[in-house]
Structure formats: C-alpha cells, structure tokens
Amino acid sequence: ADSSYRDLTSLKVKLLSTSKMYMGPGFFQTAYFSKGLLSAPKYESELAYLVAFQLTLIKNGQVRHKLAEMRGQQFGENLIGALPTMPQSKSVGTDPLKGRWFEQGGLYDFGYAVYTAAEREAIRLCHKALYDPRGAGTLMERWKTPELSVVYPENSELIRIAREEIAKLS
C-alpha cells in the first residue's frame, strides 16, 4: 500500500505467551504481540491497525533510536556518576518479558510524540491498504490497557487523535 514499507518484506511476528496486553517492535524486523493483546480486536480492521502501528515503529527505527538513547544515558551516568534525580537505566536483555521492555524507562518507552505520530501514520497506512481506518478508534474505545499505560499516552488522548486523523481521510 505504501512504497516506504517495502523494506519490511521479511517482517517476523513473535507471539508472547502472556495474557497482558503487550505489543512492540523488536530487533531485526520483528514485531511482538502478546496473546492477551491479540484477543482484543474483534474486527479485521482493528487487527490491521495494530499491525500497521508496529510496522510504523519498525520502519521509523524506534528501537534503534531508543537503544542509542539508553546507551547515551548509561554512558553519561558512568561518566559523572549516577545522580539521584536521574531515572535508573533498565537492562534490555533479549527476552521482552524478562528484559523489562514494557516498563517506564524500558525499551518501549518511546515517549508521547513518537506514539502519537505512529498512531497517525498507522491510520493513514490502514486507509492506503484499504482497511477501514475507523478500526483504530473502535478498538481503542473498548480497549483498557493498564499494562501499557506507563509508556503509552492516555487512551482518551489516543481516541481523540484517531478521530482527528480519520476525519482528515473522510
């Protein structure tokens, strides 16, 4: 649907064996989805939105950027000594569940601006791929994500952004 996503033809999907609602881009074009998260979508358009959201984060290299940021923070802490006001660095590890990827300060704590931009781009990607972009809004209206609330913007804010973006496509 969008030529800028052609490099993601070898995308792998890994299933996380947890009932918590987790998803995130991984290393080497891998997207992680938990069993709990995959039970949330009721419609194909909602599932398409979840996949498009991860594709957007992978295409934009968010994991690579976050790792560079974490390495820079760790280097700074080692250089000047850990200051009490600085958040503690999290160990990334290779296991998404054991490596604290989904916690505040963890690998998927990309920040509000990154998540809202990815949401907008994912909705546009769904529209280009001929999926109903309203699937993003209907999913979020039903969705309660306490596991993700630490690193994701508030659900009401995501719903507002989804409605704005969908209105632009109408």
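Quick note: residue numbers are just sequence positions, from 1.
Nearest heavy atom pair, residue Gly135 against residue Ser45, reads CA-OG, 3.5 Å. Minimum interatomic distance between Gly24 and Gln54 (heavy atoms only, all atoms of both residues): C-OE1, 2.8 Å.
Around atom CZ of Phe33, more than 12 heavy atoms belonging to other residues, nucleotides or ligands sit under 6.0 Å away. Atom NZ of Lys14 sits in a sparse spot, with 12 or fewer heavy atoms from other residues, nucleotides or ligands closer than 6.0 Å.
Checked against side chain to side chain donor-acceptor pair (under 3.5 Å), Thr138 has the following partners two or more places apart in sequence or in another chain: Glu46. Judged as a side-chain contact (heavy atoms from CB on, under 4.5 Å), and not counting sequence neighbours, the contacts of Glu164 are Arg120, Arg160. In this structure Thr56 satisfies the side chain to side chain donor-acceptor pair (under 3.5 Å) test together with Tyr5, sequence neighbours excluded. Arg134 meets the side chain to side chain donor-acceptor pair (under 3.5 Å) test with Asp132; sequence neighbours excluded. Scanning for side chain to side chain donor-acceptor pair (under 3.5 Å) contacts around Gln29 gives Ser10, with sequence neighbours left out.
Distance check, rounded to the nearest 0.5 Å: NZ of Lys42 to CG of Leu47 gives 15.0 Å. Within the model, atoms CD of Glu44 and OH of Tyr131 stand 4.5 Å from one another, a figure rounded to the nearest 0.5 Å. Between the CD1 atom of Ile166 and the CZ atom of Arg124 there is a distance of 12.0 Å, given to the nearest 0.5 Å. For the atom pair Thr116 OG1 and Glu121 CD, the distance stands at 11.5 Å (nearest 0.5 Å). A distance of 6.0 Å separates CG in Leu15 from CG in Leu38, rounded to the nearest 0.5 Å. The distance from the CG atom of Leu169 to the CD1 atom of Ile123 is 8.0 Å, given to the nearest 0.5 Å.
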Is there a side chain to side chain contact (heavy atoms under 4.5 Å, CB included) between Glu119 and Glu165? Walk through the geometry before answering.
CA-CA 9 Å; Glu119 179 184 16; Glu165 200 60 36; over 6 Å; no
Which is it for Thr30 and Val13 under the side chain to side chain contact (heavy atoms under 4.5 Å, CB included) test, yes or no, and what are the steps along the way?
CA-CA 6 Å; Thr30 302; Val13 174; over 6 Å; no
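Remark: the backbone N or O of Lys20 is paired with a side-chain donor or acceptor of Ser34 at under 3.5 angstrom.
Using a 4.5 Å heavy-atom cutoff, the side chains of Tyr32 and Leu16 are in contact. Side-chain contact between Leu11 and Leu55: present, with at least one pair of heavy atoms (C-beta onward) separated by less than 4.5 Å.
Within the structure, salt bridge (Lys or Arg N to Asp or Glu O under 4.0 Å) pairs that include any residue of residues 24-36 do not occur (at least two apart or interchain).
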